[in-house]
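A short worksheet on the structure shown next.
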Amino acid sequence: MSCNNCEIDLFNGILQFATDDAILELYYNHGMLLRSKDCPICGRTCVKSGTYFRCQKTWRISIRDGREFETTKCNFRKSIFHKTWLERSQLALQQNFRFMMMWLQTNASREELIFNNVGISKQTIVDWSMFCREVCIYACHSSTVRLGGEGIIVEIDEAKFGKRKYNRGRIVDGVWVFGGIERFTGNSFMVAVPDRSSATLLGIIRDRILPGTTIISDCWRAYDCLAHHGFQHLRVNHSLNFVDPTTGAHTQNIERTWREVRDNIPTYGRREEHMEGYLAEYYFKKKYSVRLRMHYFMNFISELYNPSSG
């Protein structure tokens, strides 16, 4: 049995999956765990006993002139969690399930909520948040599509995520992020970049945006070459206007996206090396509605931590 776009939110999830058996069935249906396993030693189908697969094959071996025999057992045993998302996890099934639900359906300021309702330490929350972001990164890489095309508009921009140096002035420590968003569909990409040079940004643009696309940007000089690389290019000078009075060009969609990203990544304890994970989390939650996030998240877990590989 497999799942067909199940809808789970915080309220019905806690009620519907209140037992370990119900959670295990949910994980089986999404391919996170195997229902059966063949013994790698003798090839017989194992019997599931609790949370273990056990091979119960026995055979008789002649030890003297075909008249005396002894019985031998295969004795293969393997945890159902081997090579899965739950391998070596110290969390109970209920804790793991509730953590995933709360992590997926709440935003950055959720540590106290999870701490009070799941009953795990704050360090465990940090660790499992990293594991969840790894799944989001995998999901983003698995569903990457190039934006734009003839007659389609894509807005691009860069933003810096960090803090003011010494808490004052305009000098900001942090990470530059380059992104683009397609008009009307809302399809987008966001990539942490080491700098805003033309070589860096143009490489991403050519990788993520189709030739012939109309690209709208601000007047950052790194974009001056776009017209020479198969793109239609419109600019808006933000020091003068938010919307260009002649062409009507604007980058309000990508600017709004930056505001949403800032609202959905941690304000405190944010680490620059984890920026890809923060962006992937935002992208995943934007793409999938609240009630469908658990379904797709578990599907991606089953791909990234494929139990059949063990």
Side-chain angles (χ1 to χ4, degrees), residues 8-11 13-14 17-20 22-24 26-27 30 32-33 51 79-141 161-165 167 172-175 177 190 192 260-286 288 290 293-307 310:
I8 303 172
D9 59 27
L10 272 174
F11 180 73
I14 291 173
F17 303 99
T19 66
D20 285 357
I23 294 171
L24 285 173
L26 180 71
Y27 290 175
H30 286 83
M32 291 173 59
L33 300 173
T51 58
S79 169
I80 65 173
F81 303 127
H82 179 65
K83 296 293 186 182
T84 73
W85 167 254
L86 295 166
E87 185 176 32
R88 292 193 294 273
S89 170
Q90 300 301 310
L91 301 185
L93 280 172
Q94 285 282 333
Q95 289 177 314
N96 173 264
F97 175 74
R98 292 192 178 197
F99 175 87
M100 283 198 298
M101 278 201 307
M102 291 183 180
W103 191 88
L104 285 168
Q105 299 184 17
T106 56
N107 293 328
S109 302
R110 60 189 162 219
E111 187 175 278
E112 287 299 323
L113 175 68
I114 295 175
F115 178 76
N116 292 327
N117 289 276
V118 180
I120 58 179
S121 71
K122 293 187 177 181
Q123 183 57 52
T124 302
I125 294 172
V126 171
D127 292 341
W128 275 90
S129 293
M130 291 176 59
F131 300 153
C132 288
R133 291 190 187 104
E134 288 174 358
V135 177
C136 292
I137 292 171
Y138 172 81
C140 290
H141 290 173
F161 291 79
K163 59 184 179 181
R164 289 188 180 88
K165 198 170 185 178
N167 294 318
V172 176
D173 290 330
V175 179
V177 176
M190 288 167 285
E260 293 174 357
V261 174
R262 293 183 196 280
D263 289 340
N264 286 277
I265 63 176
T267 303
Y268 303 102
R270 182 171 63 203
R271 303 180 65 175
E272 293 183 7
E273 61 267 31
H274 295 161
M275 182 57 69
E276 182 183 12
Y278 301 141
L279 297 175
E281 178 188 347
Y282 167 79
Y283 182 85
F284 184 90
K285 291 179 177 178
K286 179 182 179 182
Y288 300 109
V290 170
R293 284 176 192 166
M294 275 290 286
H295 168 77
Y296 285 103
F297 192 76
M298 289 186 288
N299 284 348
F300 283 118
I301 286 175
S302 70
E303 295 178 13
L304 183 58
Y305 296 87
N306 186 350

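Since the model is a prediction, treat every value here as computed from it, not as a measurement.
- Closest approach of T84 and P307 over heavy atoms only: CG2-CB, 3.8 Å.
- Note that CG of L113 and CD1 of I125 are 9.0 Å apart. Values are rounded to the nearest 0.5 Å.
- A distance of 5.0 Å separates CG of N96 from CG of L86, quoted to the nearest 0.5 Å.
- By the 4.5 Å heavy-atom criterion applied to side chains, L24 and L93 are counted as neighbours.
- Using a 4.5 Å cut-off on side-chain heavy atoms (C-beta onward), L104 and F284 make contact.
- In this view, L10 and M101, M102, Q105 satisfy the side-chain contact (heavy atoms from CB on, under 4.5 Å) rule, not counting sequence neighbours.
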Would K286 and N264 count as a side chain to side chain contact (heavy atoms under 4.5 Å, CB included) here? Give the steps.
CA-CA 10 Å; K286 179 182 179 182; N264 286 277; over 6 Å; no
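- Taking the side-chain contact (heavy atoms from CB on, under 4.5 Å) definition, one finds that C132 meets it with W85, F99, W103, F297, sequence neighbours left out.
- Summarising the geometry, atom CD belonging to E276 is positioned 11.0 Å from atom SG belonging to C136; distances are rounded to the nearest 0.5 Å.
- Under the ring-ring contact (aromatic ring centres under 6.0 Å, His included) criterion, F81 pairs with no residue at all, not counting sequence neighbours.
- Here R293 pairs with nothing under the salt bridge (Lys or Arg N to Asp or Glu O under 4.0 Å) rule; sequence neighbours left out.
- With a 6.0 Å cutoff to the six-membered ring centre and a 45° limit on the axis angle, R133 does not count as a cation-pi contact of Y278.
- To the nearest 0.5 Å, the span separating CE on M100 from CD1 on I23 amounts to 8.5 Å.
- Within the 3.5 Å criterion, the main-chain N or O of V290 finds no donor-acceptor partner in the side chain of K285.
- Annotation: side-chain contact (heavy atoms from CB on, under 4.5 Å) contacts of E112 (sequence neighbours excluded): F115, N116, K122.
- In terms of the side chain to side chain donor-acceptor pair (under 3.5 Å) criterion, residue partners of E260 (sequence neighbours excluded) are, by chain and number, Y282.
- For Y296, the ring-ring contact (aromatic ring centres under 6.0 Å, His included) partners at least two apart in sequence or on another chain are Y288.
- Here the straight-line distance linking atom CD1 of I265 with atom CD of E281 works out to 9.5 Å at 0.5 Å rounding.
- For Q95, the side-chain contact (heavy atoms from CB on, under 4.5 Å) test picks out L91, A92, V118, I120, with sequence neighbours left out.
- For Q94, there are no side chain to side chain donor-acceptor pair (under 3.5 Å) partners two or more places apart in sequence or in a different chain.
- Take Q90 and apply the side chain to side chain donor-acceptor pair (under 3.5 Å) test, not counting sequence neighbours, and it matches no residue.
- In this structure, CD1 on I14 lies 9.5 Å from CG on D9, to the nearest 0.5 angstrom.
- S302 meets the side chain to side chain donor-acceptor pair (under 3.5 Å) test with no other residue; sequence neighbours excluded.
- A donor-acceptor pair shorter than 3.5 Å cannot be found between the side chains of N299 and E303.
- Heavy atoms only, all atoms of each residue included: A192 and V175 are closest at CB-CG1, 3.9 Å.
- In this structure, the ring-ring contact (aromatic ring centres under 6.0 Å, His included) partners of F17, at least two apart in sequence or on a different chain, are F97.
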